[in-house]
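Just so it is clear, the model here is predicted, and its values are computed rather than measured. Residue numbers count from 1 along this sequence.
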Amino acid sequence: MPAVMDAEQRRKLEDALLRKAEALVRQLRQAAESGNPANVDAQAAIMTELLKAREFPTQRATEFREATKTIQRGAYQLSVDTLIGQAERRGHAGDDKGRNELISKAKEHYAKAVRFGADEEFRSAVERRVQAALMTSKDGIDDRTKQAAARKLEQHDVGAKAPGGIERRRCIRYMDPVMTVELGGHKYQTVNWSIRGLLLENYRGELELSPGDRVKLDVHCADVPDPCGAAGGGGRQVAHVVRVDAERNALALDFPEMSTVILDLVHRMKDAGIKPEPER
């Protein structure tokens with residue numbers, strides 16, 4: 001017959017389990033950054049077993065399950081974006097077979113991203129990029145093919161559209177809610193944002209940045225809850241400087257890949273009942 005734990009023993013065991021879970025979250029994030037979703041799934045399976053422990057605090061277990069799901073979703077979203085980019089390059093090189101194989105793999109990872117909760121913004125962006133990749137060839141894209149693809153997207157695109165139904169940019173830009181961006185020890189607010197980039201205000205040349213510079217920034221939104229209970233959910237993002245506008249004191253940044261940080265924030269906005277306001 002197992003010995004009955006007293007309150008202090010139970011507290012120590014719970015603390016140990018929580019520390020293990022926190023360490024696993026860090027490992028999950030590192031695995032996600034490696035670009036291999038299979039590594040993330042392997043770490044997620046370990047987390048699942050850990051959370052089954054009878055002594056693991058129930059409320060915290062829910063938080064860690066949600067955090068794990070968020071990281072898995074982000075890993076597959078990033079993989080989809082990377083695979084489609086590779087498919088586009090194969091198409092430009094005239095390698096139709098290689099392009100189609102990469103698109104097939106991207107679709108598999110897309111299905112897993114959707115299973116983990118990817119939203120319509122992501123689905124719409126992927127639909128557009130897959131259609132563009134399929135049209136890409138060594139000789140470019142003829143006008144008739146472009147028009148046919150546009151008609152197909154008009155019929156099937158269920159994602160968010162810009163005001164008036166016209167969207168010439170790769171992704172819709174939103175003004176509200178405002179994001180806070182920490183860059184080089186300074187904090188800035190967004191004029192607008194999308195899953196492909198940000199426009200920051202009140203940049204006065206503090207960091208002496210030039211177009212093409214690669215930067216690391218932290219993106220947060222005070223209105224969005226973090227998966228483990230804190231306010232201002234978000235994360236680290238790599239970006240490139242596109243434009244420094246001295247007249248408007250603005251800094252335009254572009255993400256090298258579809259931002260899983262922004263996608264996650266958008267997903268959490270919708271969970272919290274917040275509807276992003278498109279730029280008009």
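- Heavy atoms from other residues, nucleotides or ligands lying under 6.0 Å from CD of E8 number more than 12.
- Scanning all heavy atoms of the two residues, the minimum distance from F255 to V238 falls at CD2-O, 3.6 Å.
- By the criterion of side-chain heavy atoms lying less than 4.5 angstrom apart, applied directly or through intervening Ile, Leu, Val, Met, Phe, Trp or Tyr residues, V261 is grouped together with I274 in one hydrophobic cluster.
- Taking 4.5 Å as the limit, every side-chain heavy atom of R29 sits out of range of all side-chain heavy atoms of V40.
- When side chains are defined from C-beta on, P37 counts as touching H109, because their heavy atoms get closer than 4.5 Å.
- Proximity of a side-chain donor or acceptor of S79 to a complementary backbone N or O of A75 within less than 3.5 Å is not detected.
- Nearest heavy atom pair, residue M269 against residue P276, reads SD-CG, 3.7 Å.
- Follow the hydrophobic side-chain contacts under 4.5 Å out from L263 and you reach V181 in the same cluster.
- Both I195 and V114 are assigned to one and the same hydrophobic cluster, defined by single-linkage of ILVMFWY side chains at heavy-atom distances under 4.5 Å.
- Put simply, the side chain of S259 gets close to the backbone of I262: a donor and an acceptor are under 3.5 Å apart.
- Residues E63 and R60 are paired through a salt bridge, judged by an N-O separation under 4.0 Å between the basic side chain and the carboxylate.
- Pairing each heavy atom of L28 with each of A44, the nearest pair is CD2-N, 3.7 Å.
- Looking at Y76 and D81, their side chains never bring a donor and an acceptor atom within 3.5 Å of each other.
- Aromatic ring pairs are classed by plane angle as parallel below 30°, tilted from 30° to 60° and perpendicular above 60°; the pair F56 and F64 is perpendicular.
- Defined by atom type and a distance below 3.5 Å, a donor-acceptor pair is present between the side-chain atoms of Y188 and E206.
- A donor-acceptor distance shorter than 3.5 angstrom exists from the side chain of D119 to the backbone of F122, with no hydrogens or angles considered.
- Taken to the nearest 0.5 Å, the CD1 atom of I71 stands 10.5 Å off from the CD atom of E66.
- D218 pairs in a side chain to side chain donor-acceptor pair (under 3.5 Å) with only one of the listed residues (R236, K187, Q237), which is R236.
- The CG atom of N202 sits 12.5 Å away from atom NE2 of H186, with the distance rounded to the nearest 0.5 Å.
- Using a 4.5 Å cut-off on side-chain heavy atoms (C-beta onward), H240 and V215 make no contact.
- For the pair S194 (side chain) and R196 (backbone), a donor-acceptor distance under 3.5 Å is present.
- In the hydrophobic clustering of ILVMFWY residues, with side-chain heavy atoms under 4.5 Å counting as a link, L18 and V25 come out together.
- Residues passing the side chain to side chain contact (heavy atoms under 4.5 Å, CB included) test with L13, sequence neighbours excluded: M5, L17, E55.
- Checked against side chain to side chain contact (heavy atoms under 4.5 Å, CB included), K275 has no partners two or more places apart in sequence or in another chain.
- Annotation: side chain of L134 is in contact with side chain of I103 (closest heavy-atom distance under 4.5 Å).
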* **Test log, rule salt bridge (charged side-chain N to carboxylate O under 4.0 Å, His left out), inputs R99 and E88** => CA-CA 7 Å; R99 177 199 61 193; E88 290 168 341; over 6 Å; no
* Before giving the answer on side-chain contact (heavy atoms from CB on, under 4.5 Å), spell out for R10 and E14 the whole-Å C-alpha distance, their side-chain angles and the decisive distance to 0.1 Å. => CA-CA 6 Å; R10 177 171 289 276; E14 288 180 354; 3.7 Å; yes
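- Nearest heavy-atom pair, L207 versus G184, reported as atom, atom and distance to 0.1 Å: CD2-O, 3.7 Å.
- Between L24 and Q27 the shortest side-chain heavy-atom distance falls below 4.5 Å.
- Among all heavy-atom pairs drawn from A87 and L102, the shortest one is N-CD1, 3.7 Å.
- Atom CG of residue L217 and atom CG of residue L251 lie 9.0 Å apart, to the nearest 0.5 angstrom.
- Residues S210 and V244 fail the side-chain proximity criterion, which asks for heavy atoms closer than 4.5 Å.
- Of the charged side-chain nitrogens involved, at least one lies within less than 4.0 Å of a carboxylate oxygen, so that D264 and R73 count as a salt-bridged pair.
- W193 places no side-chain N or O within 3.5 Å of a backbone atom of L200 that could act as its donor or acceptor partner.
- Contacts of T82 classified as side chain to side chain contact (heavy atoms under 4.5 Å, CB included), with partners at least two apart in sequence or in another chain: L78, Q86, E257.
- Annotation: the span from Q43 atom CD to I46 atom CD1 amounts to 4.5 Å, rounded to 0.5 Å.
- One finds the CG atom of L51 at 5.5 Å from the CE atom of M47 (value rounded to the nearest 0.5 Å).
- Across I84 and A106, no two heavy atoms sit closer than the pair CG1-CB, 4.0 Å.
- Under the 3.5 Å distance criterion, with hydrogens and angles disregarded, no donor-acceptor pair is assigned to the side chains of N249 and E201.
- Between R11 and D15 there is a salt bridge, since a side-chain N of the basic residue sits under 4.0 Å from a carboxylate O of the acidic one.
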* side-chain contact (heavy atoms from CB on, under 4.5 Å) assessment of Q72 paired with D41 -> CA-CA 7 Å; Q72 288 179 281; D41 286 346; 3.0 Å; yes
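- The cluster map of Ile, Leu, Val, Met, Phe, Trp and Tyr, joined by side-chain heavy atoms under 4.5 Å apart, puts L199 and M179 in different clusters.
- Other residues, nucleotides and ligands contribute only 12 or fewer heavy atoms inside 6.0 Å of the CZ atom of R248.
- We find that E49 and K52 are joined by a salt bridge, their nearest charged nitrogen and carboxylate oxygen being less than 4.0 Å apart.
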* Asked: Does the pair R123 and E120 meet the rule for a salt bridge (charged side-chain N to carboxylate O under 4.0 Å, His left out), with working shown?
  -> CA-CA 5 Å; R123 297 182 192 190; E120 289 183 357; 5.9 Å; no
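- At a threshold of 4.5 Å between non-hydrogen side-chain atoms, the residues L183 and Y203 do not count as touching.
- With rounding to the nearest 0.5 Å, the separation of CG in N100 from NZ in K107 is 8.5 Å.
- Looking only at distances, no side-chain donor or acceptor of T190 sits under 3.5 Å from a matching main-chain atom of V178.
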